[in-house]
Amino acid sequence: MRIDVVTIFPEYLEPLNVSLVGKARARGQLLVEVHNLRDWTHDRHNTVDDTPYGGGPGMVMKPDPWGEALDRVEARGRADERTATADPVLVVPAPSGRPFTQALAVELSEKPWLVFAPARYEGIDRRVIDEYAGRWEVHEVSIGDYVLAGGEAAVLVITEAVARLLPGVLGNAESHRDDSFAPGAMADLLEGPVYTKPPEWRGRGIPEVLLSGHHGRIARWRRDEAFRRTAAHRPDLIERCDPAALDKHDRAV
Ligand SMILES: O=C(OCc1ccccc1)c1cn[nH]c1
C-alpha cells in the first residue's frame, strides 16, 4: 500500500516512522510519503489560507495549493510501479465526515493507494473535494464527534488502524481476529478483560476459568465478559449484534 499525506505540519506525521507503521515501511509493505502543502505556494509568505466567503470566524484553506499538491502527488504515485495503474483514494478527516469504524478500516486496508488531506483552520475550500470527487474515490471521515485544530492526528489514527490490517504487518495474523469490532460472532462486542503473568499481583489472582485449560468454557467466559462490558459501556452496540451468531459462537467453542 502507498500512503501520501499532504500537510502544513509534516513533522506531525513523524510517528508514522516508528512502531507498527514504521516496521511495515521498513519491510516495504507500506510506502508513506509526507508532502508539505507550502511547497505548492508561490507567494512570499507561502499563504495556504484566506478569509471565508460569506464572512464568519476563522480561515479557510485556499484551493490552489491543494490542487497543485494533489496533482503532483498523483503524478508521483503514477511513477511508482506499485501504483502506476491504481487510482488514489482521497481521505479527508473532518468532524462532518462518515464515522470511522473497523469496517471502514478494513475497506481502506484493501485499497492500493490512500492520499490523506488533513485540513487546518475551518477546513479546505469545498471546490477541492468537488474537483477530485469527479475522478477519485473520496471519503470524508470523522474519527469522533469533537473538533481538532487539524486533521493530522486523525491521519495517524486512520493510518494505524488500516496498517495493522495489512497482511503480515501484525505478525500473529490471528491477533486482529478477536479485535473489538472484528467481523464474526464477536462482531461489535467490546473485548473482555485480559490477564498475563504473574498469577498473583498485589493480592489479585486470575479468574479460575482462564487457568482451567477448558477452551470451551474459556471462550464462553470471554464471550460473556465481552457482552457484559459492551452492555455497560456501549449498549448501542448490543442491538447490532446477532444473537444467532453468538449462539453459533457458543456451539462452535
Ligand atoms: O477535527 C477534525 O478534523 C480536522 C478538521 C477538519 C475540518 C474542519 C475542522 C477540523 C476531526 C474530528 N473528528 N474527525 C476529524
Side-chain angles (χ1 to χ4, degrees), residues 1 3-16 20-21 32-41 46-71 73-74 88-109 111 113-134 136-165 179-181 188 190 233-234 236-237 240:
M1 175 185 280
I3 290 181
D4 287 287
V5 187
V6 177
T7 170
I8 58 171
F9 290 123
E11 65 278 16
Y12 204 109
L13 281 303
E14 279 302 305
L16 293 184
L20 178 120
V21 175
V32 179
E33 298 272 353
V34 178
H35 312 268
N36 189 328
L37 179 65
R38 293 194 197 277
D39 291 353
W40 287 282
T41 59
N46 299 116
T47 310
V48 293
D49 62 320
D50 205 334
T51 53
Y53 276 122
M59 302 290 269
V60 173
M61 298 193 96
K62 293 164 59 65
D64 2 28
W66 276 104
E68 290 189 35
L70 293 176
D71 288 349
V73 161
E74 180 180 22
V89 171
L90 182 63
V91 180
V92 186
S96 57
R98 168 184 172 191
F100 185 59
T101 60
Q102 190 65 14
L104 182 50
V106 170
E107 185 183 330
L108 294 178
S109 72
K111 305 291 182 189
W113 185 7
L114 303 180
V115 176
F116 285 98
R120 291 256 140 192
Y121 310 106
E122 303 308 308
I124 302 173
D125 185 302
R126 173 54 46 181
R127 291 170 292 179
V128 175
I129 309 268
D130 296 345
E131 163 77 1
Y132 290 91
W136 295 358
E137 189 177 322
V138 176
H139 294 269
E140 293 182 77
V141 178
S142 166
I143 61 165
D145 295 334
Y146 37 76
V147 183
L148 302 167
E152 283 79 6
V155 172
L156 294 178
V157 166
I158 295 166
T159 299
E160 179 153 334
V162 167
R164 67 184 289 278
L165 294 173
D179 273 353
S180 293
F181 311 108
D188 295 341
L190 304 178
H233 302 163
R234 289 293 304 276
D236 59 298
L237 292 178
R240 277 166 46 184

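Source: prediction; values computed, not measured. When a ligand or atom number is given, it counts from 1 through the structure's own listing order.
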Item to check | Nearest option to atom 5 (C) of ligand 1, as decided by whichever heavy atom of Gly97, Pro95, Ala149, Pro99 sits closest | outcome: Pro95
Checklist entry - Is the closest side-chain heavy-atom distance between Pro118 and Val5 below 4.5 Å? => result yes
Item to check | Pairwise side-chain contact, Val155 with Tyr12, heavy-atom cut-off 4.5 Å (strictly under) | outcome: no
Item to check | salt bridge (Lys or Arg N to Asp or Glu O under 4.0 Å): pairs with one or both residues in residues 48-69, sequence neighbours excluded | outcome: Lys62-Asp64
Item to check | Trp136 side, atom CH2; Glu131 side, atom CD - distance, nearest 0.5 Å | outcome: 9.5 Å
Item to check | Atoms in ligand 1 flagged as close to Glu122, the criterion being non-hydrogen separation under 4.0 Å | outcome: 8 (C)
Next on the checklist: Below a 4.0 angstrom heavy-atom separation, can you tell me which part of Phe100, side chain or backbone, both or neither, approaches ligand 1?
Outcome noted: neither
Checklist entry - For atom 6 (C) of ligand 1, what's the nearest protein heavy atom and its distance? => result Pro93 O, 3.5 Å
Checklist entry - Taking C-beta and beyond as the side chain, do Glu33 and Val73 meet within less than 4.5 Å on heavy atoms? => result no
Next on the checklist: Thr47: which residues meet the side chain to side chain donor-acceptor pair (under 3.5 Å) condition with it, sequence neighbours left out?
Outcome noted: Asp43
Item to check | Heavy-atom nearest neighbour in the protein, as seen from atom 13 (N) of ligand 1, with distance rounded to 0.1 Å | outcome: Gly144 O, 3.0 Å
Item to check | Atoms of ligand 1, numbered as shown, that sit under 4.0 Å from any heavy atom of Tyr146 | outcome: 12 (C), 13 (N)
Checklist entry - Under 3.5 Å, N or O to N or O, is Leu148 touching ligand 1 that way? => result yes
Next on the checklist: To check you understand the geometry: which heavy-atom pair defines the closest contact between Met61 and Arg120, and what is its length?
Outcome noted: SD-N, 3.3 Å
Checklist entry - For ligand 1, which atoms have a heavy atom of Tyr121 less than 4.0 angstrom away? => result 9 (C)
Checklist entry - Can you tell me how far CD of Glu122 sits from CE of Met59, rounded to the nearest 0.5 angstrom? => result 10.0 Å
Checklist outcome for this item: the protein heavy atom lying closest to atom 14 (N) of ligand 1 turns out to be Ile143 N, 2.9 Å
Item to check | For Val147, the ligand 1 atoms whose distance to one of its heavy atoms is below 4.0 Å | outcome: 1 (O)
Next on the checklist: Show the atoms of ligand 1 that are less than 4.0 angstrom away from any heavy atom in Ser142.
Outcome noted: 13 (N), 14 (N)
